[in-house]
Asks: 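Mind looking over this structure? Questions follow.
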Amino acid sequence: MNVRDSEAVEALLVAAGHEKVANEAEAELVIVNSCTVRDMAERKAVGKCGNLIAAKEGRGKARRPANAAVKIVGLMGCAVKRMGAEVFKHLPNLDFAVGPRRFGAIPRLVERCLAGEKGILELPDDDEVPTGMEAHGVTSFQSYVTVLLGCDNRCSYCIVPDVRGHEYSRPAREVVAEVRALAARGVKEVCLLGQSVLRYGVRNPAWLPDDLPSLGGYTEAFPRLLEALSAIEGLERIRFTSAHPKGCTDELVRAYAEFPKVCRHLHLPVQSGSDRVLKEMGRRYTRAEYLAAVAKLRAFDPEFAVTTDVIVGYPGETEADFEATRSLMEEAGFDNAFVFKYSPRPGTRSAALPDDVPTAEKERRDQVLLADQQVRGQARNARLVGTVREVLVEGPSLRNAARWSGRDGGNRIVVFEPKVPLVVGTSVMVRIAEAHPQILIGEIVV
Ligand code: 5AD
Ligand code: SF4
């Protein structure tokens, strides 16, 4: 979501007459987009901003030459909303700070800074409808599209609802127009974004216009949106993230089965496998309900890719709770998993509980789950050896430029030798020869 917001800001600044430079060292204006979901994320963003301010003022040592050009430093995003005016205590000479739903104001703030102002703070309110969200700059063949802002779930550990505000679905007409324009510019793949994206249109059903009728008889907003986007010419793939199991309805499953452009991958954060912990977290599903959602997706396609987020070391998480998470991950057969060590966030319900799992124990649980996932990822990928997969070409592989890579519909990274001339953003068929925990290796089938 932050990557998308940053892109929109870049496009807005370019439209306002600013010029993008190739690297940070040449930039006169630098804006740091911050995250506050965990303490470490916030520290990184604030630390980076501090270094830039020091460079601007000619303080600091080795870093100064690296940012020699910088004249204006701004901070945007969730950490700004969390800190409010306190942000200037941590960063006294910051030029401007702007919260997540107000980034459309940035070009105007930059003008004010150029006119000599500093220390400007802009905080959105929780229901603010942002401007500039639809701005896209020079795009590649893949693009993010924000469809749902904020979150009203209020999981006990999560600061997102406090900083990103209330849930708000963008009108379907706007989303469809945006994706159409992207497809006309050569975008092949869109990823629809929302904290709980399957709740699209639930709170604002009126946004679904009557001129977007459902030929397939879909009644739920999100499947209807998928249906409308599927009809867009030139667009090849539709992804979305993140999901909550309550959104895995029969209509969603039917949409996956019916629309070939909708990729068979879902990022479905589980957070814990212990019913006791899930209840404490306020996740509103049980282990069995979660597993039933996964089973439903895999029932119509056994290769359906499911990925997840897990938190280890939640307050009061016992060894038995942790083992329940471990066994859930095995039962769900995740294709990939992101593991996070619990970090208390100010103002959240769980921040009132003692953060009682020692850091070393959180670390151990993290490592155990990651090691399990390596073995599981390898086994899941091994089942795909011999299959031919449609891969959207992304470019030379990061590790070995002699090879190219792309992704299959399940978001799996596929690496292959460029035997034929390849164009980024086109599809090739690849027969899988080798499976690794995180990647598949194969050969182009002509
Ligand atoms: N501590 C650790 N991890 C967290 N997440 C959200 N809040 C916290 C927290 N306080 C994780 C969740 C979420 C992911 C984006 O970040 O797993 O799915
Ligand atoms: Fe946070 Fe829960 Fe909303 Fe996800 S669903 S953003 S974890 S409150």
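Note that ligands are numbered from 1 as they come in the structure, with each ligand's atoms numbered from 1 the same way. Owing to the predicted nature of the structure, the values given are computational and were not obtained by experimental measurement. Counting begins at 1 with the first residue of the sequence.
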Asks: Please list, chain by chain and in numerical order, all residues satisfying salt bridge (Lys or Arg N to Asp or Glu O under 4.0 Å) with E251, sequence neighbours excluded.
Replies: none
Asks: Please classify the F340 to ligand 1 contact at 4.0 Å (heavy-atom distances, strictly less than): side chain, backbone, both or neither.
Replies: side chain
Asks: Would you sort out whether E220 and T249 count as a side chain to side chain donor-acceptor pair (under 3.5 Å), showing the intermediate values?
Replies: CA-CA 9 Å; E220 294 168 11; T249 61; 2.7 Å; yes
Asks: Any nitrogen or oxygen of R345 lying under 3.5 Å from a nitrogen or oxygen in ligand 1? Just yes or no.
Replies: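 N/O-N/O distance under 3.5 Å: no.
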Asks: For ligand 1 and Y342, I'd like to know whether there is a polar contact (N/O to N/O, distance under 3.5 Å).
Replies: no
Asks: I'd like to check which ligand 1 atoms, numbered from 1 as shown, lie under 4.0 Å from a non-hydrogen atom of Q271.
Replies: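 Selected atoms, number and element: 12 (C), 13 (C), 17 (O), 18 (O).
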Asks: Is any NZ, NE, NH1 or NH2 atom of the basic residue among R82 and D162 found under 4.0 Å from an Asp or Glu carboxylate oxygen of the other?
Replies: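 No.
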Asks: Just by modelled atom types, is the C248 backbone N or O under 3.5 Å from a matching donor or acceptor in the K296 side chain?
Replies: yes
Asks: For R349, enumerate each residue passing the salt bridge (Lys or Arg N to Asp or Glu O under 4.0 Å) test, keeping only those at least two apart in sequence or located in another chain.
Replies: none
Asks: As an exercise, identify every atom of ligand 1 less than 4.0 angstrom from a heavy atom of V37.
Replies: 6 (C), 7 (N), 8 (C), 9 (C), 10 (N)
Asks: Could you see which bit of K341 sits under 4.0 Å from ligand 1, with heavy atoms only: side chain, backbone, both or neither?
Replies: backbone
